[in-house]
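To start, the structure under review is shown below, and the notes come after it.
Hydrogens, waters and symmetry mates are skipped; everything else that's a heavy atom, side chains included, is used.
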Amino acid sequence: WARLPRAREKCAVSNLSRSGIIDLGNVVPGLLVRVRRPGTIRGAVLVHLPTLRAHLRSLRETQAGTGVAQ
């Protein structure tokens, strides 16, 4: 697990922006977990790194199969 990158920073694992990871979290189930203490407004958003890596790997394999011939 890792926290989301700060605003205007990139993720060290995927080089995606904060908003890019949040958008991806809407598509990939189980990628993001929001943690808050009861009664608080703000909390932490955690990224499940194995899920992120697996999704990026599947995208790479899909694109490699349909890529431009060399």
Side-chain angles (χ1 to χ4, degrees):
W1 295 96
R3 290 182 73 127
L4 278 177
R6 294 177 184 232
R8 296 182 207 84
E9 289 185 3
K10 301 279 184 164
C11 173
V13 174
S14 64
N15 203 31
L16 291 171
S17 65
R18 179 183 178 94
S19 60
I21 294 174
I22 292 173
D23 290 343
L24 199 58
N26 293 330
V27 177
V28 179
L31 181 64
L32 299 179
V33 174
R34 291 166 175 87
V35 181
R36 273 192 325 178
R37 280 186 254 155
T40 60
I41 296 174
R42 295 182 183 202
V45 179
L46 302 176
V47 180
H48 190 241
L49 294 178
T51 303
L52 177 61
R53 287 186 186 115
H55 180 71
L56 294 176
R57 193 175 306 116
S58 70
L59 287 176
R60 181 184 64 195
E61 291 170 359
T62 301
Q63 291 176 1
T66 61
V68 177
Q70 297 181 17

Between L59 and L31, is there a shared hydrophobic cluster once you connect ILVMFWY residues whose side-chain heavy atoms come closer than 4.5 Å? yes
Side chain to side chain contact (heavy atoms under 4.5 Å, CB included) evaluation trace for R3 with V47: CA-CA 6 Å; R3 290 182 73 127; V47 180; over 6 Å; no
Does a side-chain heavy-atom distance below 4.5 Å link V33 with H48? no
If you look only at distance, which donor and acceptor atoms sit under 3.5 Å apart when one is on a side chain in residues 18-25 and the other is two or more places apart or in another chain?
residue, atom, partner, partner atom, Å
R18, NH1, P5, O, 2.7
S19, OG, S17, OG, 3.3

R57 CZ to L52 CG distance, which is reported to the nearest 0.5 Å: 10.0 Å
Nearest heavy-atom approach of W1 to L46 is CE3-CB, 3.8 Å
Minimum heavy-atom separation for R42 and T40, please, with both atom names. O-OG1, 3.4 Å
